[in-house]
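Each chain gets a letter, A, B and so on, in the order the sequences are listed, and its residues count up from 1.
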Amino acid sequence: MTRIVLVDDHALVRAGVRGALENSFDVVGEAGDVADAVDLIVRERPDVVVCDVHLPDGTAADVISGAIARGVTTVFLALSVSDAAEDVISVIRAGARGYITKAADGTDLTDAVRRVADGDAVFSPRLAGFVLDAFSTDLKAPAADPEMDQLTAREQEVMRLLARGYAYKEIARRLTISIKTVESHASAVLRKLQLSNRNELTRWAADRRIL
Amino acid sequence: MPRLNSEDRWVGGVAAAIAHELGVQAIIIRVCFLLLATVGGWGLVLYAIGWAIFALATPDSLSSNYVPQPKAATPGHRNAAIGMITLGLILFLLRSTPAFFDDVVFPLGFVLTGMLIAWTRSGEGGMSAVVRVVAGLVFAMGGFLAFAALQVNFVDAIVSLVFGMAVVSGIVLVAAPSVVRMGRDLDHERLERIRSDERARISAHIHDSVLQTLTLIQQHGEDPARTRQLARRQERELRNWLYGTPTSTPTGLRLGPALEFAASSVEDSFDVSIAVVAVGDTNDLEPADLDALIAASKEAMANAAKHSGSNRIDVYAERRGQSIEVFVRDTGVGFDPASISQDRHGVADSIVARMQRVGGKALIHSAPGSGTEVELVMPLKQETKP
C-alpha cells in the first residue's frame, strides 16, 4: 500500500486530507512545518508526500529541497489554496510532481496521489494554464535550448485540454491516443517546466502576480 | 580614524584602538598611558580626550561587532618609536609642567575619567553597569577630594565652579544612561503603536468579513448549498483582499478578471464552483466585443449550473493568434444539441445570436451522458492588433 506523509500547518486541513486519503492509502505521518516535515520524511521514507505550499517556516519548495539534500527519493504533490503563479512555478521547479488546489474533492485528490505515486505528472487546470502562458510568452531572445524551452504542438494540445478541465482519460479519447501517451506528454511538460533555464519563466511568474 | 573596540579593552578601548591603528601590541600603548599618567596626570587627560574623539568617530552599530583587521605589522621599529615619543613627552612635561597642572589638571583628569567610565555605552544592565557607575562615582569623588585637599589660594570662584561641575557631572553621568534608554523606549513604543494599528486594521477586516461569514455558516449549517455558497463568496473576497485582483468592478477589465467576475456572480446564484483559467490575457478587445463575449460566457456558465447537474464548471480562455477562444465545460448529464426546441431562448439568443452579432461564433459540443462544452470564438479586429 502506498505510504503517505501529510504536511500542512493546519490540523483541520490535515484531518480533512487524511480522511479523503485514508481508505486508499497508508497515511504514516503528519507534520506542521518545514523542519518537522523533513525529519519525518527522512525517518519514514514515504512513497508520496502531500505538502501544503505555505508553511510557517518556509514553503513546500524548502521541504522538497531539504528532503532531497538528505538523500530522500520520494515524490511530492503540492497542495495549496494559493493560486499565485510564482508559488506554483517555484514548487514545481523545486521538484514536485504535481500541484492541485485544496478546492479539489476527495476523488481528485486520490487520483492525483495515485498518479504521482506511479511517477506521472499531475496538472490542475490552473497549472496547465500557467504552463501554456509561460511557454507561449513571446521570446525576446531566441530560445537557448528549443528542446527544453518550447512545448511541442502535441504537448500544447494536451495542456490546453487539461486547462479546459478534461481528465487524462477524456483527453486520450478526444485525441485518439492512449492514456499512457497522454501521461508521457504531461511528464515531458513537467520536466521542461523544471529544467528549462528560461529566465522568462521565473520573471513571468513574478509579473503574473500583479496582472 | 581609530575605532573603539569593545572586544579588546581594559577601560574604554582607547589604547587598543591606537595600538590597532599603529599595528603594535595594545599593552605597549597602555604602559605609555600609565607612564604619562604619573606625570601630572597627563596620561589620564590624553586618554580622556582620545576617548571622547574616538567615541564620536565610532558608529554605534560598530561598537559591538567591529572586528579590527590588523594592519601590516612591523612592530620592531614602531615599538621603539612609540617608546621614544613617550619618553620625550615625559621629559618635556617633567620640566615644563607648572604647578597649575599638578593642582588642577590631575584632579580634573580624575573627574573626566570617572565620567567616561560611568558613561560608557555598552551599559546594558547587569553587574558591569553597576561596577561602571560605582567606578565613575569614585573617580569623580576622588577628583573633588583632590580639589578640596588643595590648600592653595586659588581663586575661590574657580574652586566652586569646579565643585559645581563635579556635582553636575555626577548627576549627568548617573542620569544619562536612563535618558538614552528612555529615548529608545519611545522609539520602541512608536513601532509598537504602528504594529498595533496594523493589527487593528486587519482584525477589523477579518471581523467584517470572515467572522460574519462564519456566523452565517453556523446559522445555515443544515443547508449545505447555502453554506458552500457563503464559503465560496468569502474565499473569493479574502483572496482579493490578499492578492489584490480587482474583480469587484466589471468596468474596464481585461478578459481574465472579467470572466472571473462573471463566474463569481454565477457561483453566487447557483450552488456550483467555477474554475477560471485565462492564458495570454488580452485587453485589446473592443469594449462591445468584450461585453458580448463575457455575456455569452456567463450565459453558458449559468446554463451549465442550472441544467448539467454537475457542481463544477471549468472556464478556459485563450488568445490564439487573431482570435480569442473561451471554453465553458461541465461534466454533467449532457444533451443532444439537435434536440433543443427553437423556442428555448437560452442557447439560441443569449449565446449563439449574441456572438454572431459581433462577428464571432458559438459551438456547442454535447452528447447525453458526456457533459457539455460551449466553445466561443471571437476574432480580433485587424486595426486593434497590438
Can you tell me how far the CG atom of Asp314(B) sits from the CG atom of Leu162(A), to the nearest 0.5 Å? 10.5 Å

Checking Arg115(A) now: which residues fulfil side-chain hydrogen bond (donor to acceptor under 3.5 Å, both in side chains) with it, not counting sequence neighbours? none

Kindly confirm or rule out a cation-pi arrangement of Arg160(A) over Tyr316(B), judged by NZ or CZ under 6.0 Å from the six-membered ring centre and within 45° of its axis? no

Here the salt bridge (Lys or Arg N to Asp or Glu O under 4.0 Å) pairs for residues 176-186 of chain A, sequence neighbours left out, are Lys180(A)-Glu183(A)

Under 4.5 Å from any heavy atom of chain A, what part of Arg312(B) do you find: side chain, backbone, both or neither? side chain

With respect to Arg164(A), which candidate in Glu373(B), Glu318(B), Glu375(B) satisfies the side-chain hydrogen bond (donor to acceptor under 3.5 Å, both in side chains) definition? Glu373(B)

With a sphere of 6.0 Å drawn around CD1 of Ile194(B), does it hold more than 12 non-hydrogen atoms of other residues, nucleotides or ligands? yes

Measuring heavy-atom distances to chain A, does Val276(B) have an atom under 4.5 Å in its side chain, in its backbone, in both, or in neither? backbone

Residue Ser370(B) versus chain A: region with a heavy atom under 4.5 Å: neither

Count the heavy atoms belonging to other residues, nucleotides or ligands that lie under 6.0 Å from NE2 of His10(A), then report whether that count exceeds 12. no

